[in-house]
Amino acid sequence: MTDSSAGGFRDGDPVERNSDESESEESLPADLARRFFDACPVSAIVIDAAGEIAHATDRAVATLDLPREELVGRPYDPAEWGLSYDDGTPVPVDEHPATRVFESGDPVFRFEHWIELPDGSRRWFSSNAAPLFDSDGTVEYVALAFEDVSALKRREKRLTSDHVRLLGFRADESAVPPSLRVEDEPTWIDIDSVVSLPDGTTVQYMGTRDLTASEFVTAVEEVPHYLDARLLSSVDGYNRIEAHSESETVAHVFSALGGRPREIVIESDAVRFRGELPGDVDHRQAGDEIRRFHPEAELVAEELVYSSQLLYDVVADALTDRQLAALDAAYFSGYFDTPRTSTGDELAARFGVTRQTFNQHLRKAERTVFRHLFEKSGATDAD
């Protein structure tokens, strides 16, 4: 990061303390700083004056997806790591927080940038850097703490984008449930919601008028990625089910990219998947993910349209992931219906939590929704 060749400590080296620290009555135990740093639940690294990583927390190792032996001693050069600003412009060495701290001795807060990880994925990081001085007042090291805020970045972009991209993908006969491989009219299935569970699986809520209740459950269970399905309701010929699935489904791909799946159209020799993505998300991301389990899938339709989901996005941004998942599952499973088609115990079991914990998530989510619907809109009107 700089031209200085001053040395720095490495993993395993003792942490030295200057005489002022050792004589202070308020000094901490000699090994406490190291123990704290190692146990710190924040992604943090220490960079020496030669621009190399001298130490890293376990969280930093996990976040950067590198073995410790490959991380410690590695140059923290923006070009080496593929750092870039939001517009894609590479971050120059002299604009990196570590360089600025070494040169000025002043901390740098909330520096945001993209970084390319070893697996090729890109993450949006927010970083804070602070100097560590030696006894002469020279910056000897820079402590750099960073956080992966990619999810917040995606939400921010959704809130500032007024368009969504409607996409249609087509997969071949292998994606058609065996019981529906007949020369008949297409079968249309609506996808209401996809809820991610703590174990990495999902619950999907779907409905159709084109299949009887038993045909619907049978067809879904014939798809390898689905683990089980149960009927929620049959009202006026419209059947709704809850399907437990692995993460590798087209519906989950749309959801994971910040969008929403809309419907599945099943023909005798093909399946068409339709959904929406935020307008700023490249449709090729969805295509690449879908082709991991449907290799022959191809994009057959694309349209950019105006989105009117502002209230939903504002509320979703205010909820935690667990609160949103609980609210989503409760609504689409029929928990709020009369009579209920899902009980609180059933929903809690799906999430692997106690009924009390599930109720807490749900009640907090409800309060947040009501606050945005009534209090904030009322305050706006009053102004």
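Scanning all heavy atoms of the two residues, the minimum distance from Arg170 to Val300 falls at CB-CG1, 3.8 Å. Shortest non-hydrogen contact noted between Ile290 and Ala297 is CG2-CB, 3.7 Å. Across every non-hydrogen atom of Phe254 and Arg260, the tightest pair is CB-C, 3.9 Å. Residues Ser193 and Phe332 approach most closely at CB-CD1, 3.2 Å, considering heavy atoms. Listed here is the closest heavy atom pair of Trp81 and Leu66: CH2-CD1, 3.5 Å. Considering every non-hydrogen atom in both Val139 and Gly105, the closest pair reads CG2-CA, 3.8 Å.
Between the CG atom in Leu327 and the NE2 atom in His361 there is a gap of 12.5 Å [rounded to 0.5 Å]. Atoms NE2 and CZ, on His283 and Arg165 in that order, are 6.5 Å from each other to the nearest 0.5 Å. Note that OG1 of Thr249 and CD of Gln204 are 4.0 Å apart. Values are rounded to the nearest 0.5 Å. In this structure, Arg123 CZ and Trp114 CH2 are separated by 9.0 Å, a value rounded to the nearest 0.5 Å. Taken to the nearest 0.5 Å, the CG atom of Leu180 stands 5.5 Å off from the CG atom of Leu211. One distance of note links CG of Leu227 with NE2 of His244; it measures 5.0 Å at 0.5 Å rounding.
Within the 4.5 Å cutoff, the side chain of Leu64 has heavy atoms near those of the Ile115 side chain. Between Arg367 and Arg363 the shortest side-chain heavy-atom distance falls below 4.5 Å. With contacts defined as side-chain heavy-atom distances shorter than 4.5 Å, the pair Ile241/Leu231 qualifies. Between Phe146 and His113, the closest side-chain pair of non-hydrogen atoms is not below 4.5 Å. Side-chain atoms of Leu144 and Ser127, non-hydrogen and from C-beta on, do get closer than 4.5 Å to each other. Between Asp192 and Arg240 the shortest side-chain heavy-atom distance falls below 4.5 Å. Between Tyr76 and Val142 the shortest side-chain heavy-atom distance does not fall below 4.5 Å. Between Ser84 and Arg122, the closest side-chain pair of non-hydrogen atoms falls below 4.5 Å.
Using a 4.5 Å cut-off between side-chain heavy atoms of Ile, Leu, Val, Met, Phe, Trp and Tyr, with links allowed through other members, Leu232 and Val195 fall into the same hydrophobic cluster. Follow the hydrophobic side-chain contacts under 4.5 Å out from Val250 and you reach Leu299 in the same cluster. Taking hydrophobic clusters as Ile, Leu, Val, Met, Phe, Trp and Tyr residues chained together by side-chain heavy-atom distances below 4.5 Å, Met206 shares a cluster with Val217. Val164 and Val253 fall into different hydrophobic clusters, defined by Ile, Leu, Val, Met, Phe, Trp and Tyr side-chain heavy atoms under 4.5 Å apart, directly or through other members. Phe125 and Leu71 end up in the same hydrophobic cluster when Ile, Leu, Val, Met, Phe, Trp and Tyr side chains are linked at under 4.5 Å.
Judged by distance alone, with hydrogens and angles left aside, the side-chain atoms of Ser121 form no donor-acceptor pair with the main-chain N or O of Leu117 at under 3.5 Å. For the pair Glu70 (side chain) and Pro67 (backbone), a donor-acceptor distance under 3.5 Å is absent.
The aromatic ring centres of Tyr141 and His55 sit 6.0 Å or more apart.
Judged by a 6.0 Å distance limit and a 45° cone about the ring axis, Arg340 is positioned over the six-membered ring of Tyr335.
Just one of Asp199, Asp345, Asp228, Asp328 meets the salt bridge (charged side-chain N to carboxylate O under 4.0 Å, His left out) condition when paired with Arg350; it is Asp228.
Residues satisfying the salt bridge (Lys or Arg N to Asp or Glu O under 4.0 Å) test with Asp106, not counting sequence neighbours, are none.
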